[in-house]
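This structure is a prediction, so every number in the text was calculated from the model and none was measured.
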Amino acid sequence: MRSRTGGQAVGSVLASPERPTMLSRGIRILNCFDEPGASYALSDIARRTGLPKTTAHRLIGELLDWGMLDRNGSAYSLGRSIAALNARLSEDTAVAYHLLASAQRLPTSLPEPVLLSVFTEQSVTHFDTRRERRVMDNDLALDQPWPACIAAASKIALASWRFRPTEPVLRIPDTARLASAQAWSDADLLRSVQQGYSTCRVGDMVAAAVVIRDATAHACGALSTAVPAEPARRAETIRTLIAAGGSITKA
C-alpha cells in the first residue's frame, strides 16, 4: 500500500469551532480551498469564508509569511507548508483522511454512525466518519456501537490476512482488548470472506463490517456500523454498507 494517498489539504477535515478566534478564521481561509489546485482572489476568499475583506487580507498576509499560502498575481493557493504538514502524517492517518473525503458520501439512511477502519501493516486505526476524528480507547463505552464495530472490522482484517495471501499482511495490534479475535475459527473467518462482510456481537450490540479495497484490489480498510435486530432491516443495512464500501473503493 502506498504510504501517502493524496491531495487533500490538512485543514479540510477540521470542523468550524463555535467561538470564532483569529486562529479559527485563518483555518477557515485554508478550508475554503476545497478542490485540488484551487486558486482564489481576495474577494473570492472573503466571500467563501464570510470574512470582511480587511480581515481576510490581514490573515492572508500572515499565512503567506508562514508558507501556508502561495500567491500568483492576484490569486492565492495553498502553499509549501501545507504540503510539508501533509507529508508528516502517519500512514494510517493519511489513508484515513483520504478515505474520509469519500466517506462523506455515505448514505444518511443508516441508523447508526459508521466507523472507518484503516489497515496498515502495523496497525488498524478507527475513525468516526460523522465527527471525522479518531475513535480513542476512552470512546469505547459498552453502551455504544464502537466495540462491536471494531470487532467486526478487525475480523475483516484478520480474514483478509489469513485467506488472501496475495494481499499485504494485516495485523491486529491489540488482541488483548479484542479478545474475541482469538476465538474466531478459520471457518468463521472464511465465511466472512465469502460473504463479503463480517458480523460481531459485543454485549447487546451487533455490528457488520465490509471491506474497502484500493486500486490494486488490496484490502485497505473497512466500514462498519451497528445493525438493527430485525432481519429485514439488518439485511438492508448490510446491503447499504456494501454499496458504500464499493463507492469509496472506486473513488
Side-chain angles (χ1 to χ4, degrees), residues 1 3-5 8 10 13-15 89-107 110-161 167-182 184 189 192 196-214 218-227 237-238 240-242 244-249 251:
M1 181 188 303
S3 62
R4 297 289 176 263
T5 58
Q8 189 178 8
V10 170
V13 295
L14 298 177
L89 290 173
S90 65
E91 179 182 2
D92 55 355
T93 303
V95 173
Y97 287 160
H98 175 72
L99 293 175
L100 278 172
S102 301
Q104 291 172 2
R105 297 195 297 270
L106 287 175
L110 292 176
E112 296 286 350
V114 177
L115 193 77
L116 169 66
S117 301
V118 176
F119 307 158
T120 70
E121 293 189 5
Q122 302 301 322
S123 65
V124 181
T125 310
H126 311 282
F127 292 80
D128 179 345
T129 61
R130 289 187 183 175
R131 302 179 66 183
E132 295 185 330
R133 67 175 180 85
R134 191 187 305 259
V135 174
M136 307 298 288
D137 287 347
N138 57 9
D139 292 321
L140 301 182
L142 289 180
D143 60 344
Q144 298 296 321
W146 296 138
C149 288
I150 287 175
S154 297
K155 183 176 173 183
I156 284 280
L158 191 59
S160 298
W161 166 44
E167 298 186 0
V169 173
L170 307 174
R171 301 185 180 91
I172 306 301
D174 190 357
T175 51
R177 183 159 56 84
L178 294 172
S180 59
Q182 301 292 339
W184 291 330
L189 292 171
S192 72
Y197 67 90
S198 67
T199 58
C200 282
R201 178 186 295 274
V202 175
D204 293 332
M205 292 285 178
V206 177
V210 301
V211 70
I212 300 172
R213 302 191 183 281
D214 63 19
H218 288 185
C220 64
L223 286 177
S224 54
T225 189
V227 293
T237 296
I238 291 174
T240 302
L241 202 63
I242 290 173
S247 69
I248 292 176
T249 302

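Between Tyr197 and Val210, the shortest heavy-atom contact is CB-CG1, 3.8 Å. The minimum heavy-atom distance linking Leu223 with Val114 is given by the pair CD2-CG1, 3.8 Å. Minimum interatomic distance between Ile238 and Ala208 (heavy atoms only, all atoms of both residues): CG1-CB, 3.8 Å. Heavy-atom minimum distance, Val135 versus Phe127: CG2-C, 4.1 Å.
No side-chain heavy atom of Leu115 sits less than 4.5 Å from a side-chain heavy atom of Thr225.
A donor-acceptor contact shorter than 3.5 Å links the side chain of Ser198 to the backbone of Ala152. Judged by distance alone, the side chain of Ser224 and the main-chain N or O of Ala153 form no donor-acceptor pair under 3.5 Å.
Separating the CD1 atom in Ile156 from the OG1 atom in Thr199 is a distance of 10.0 Å, to the nearest 0.5 Å.
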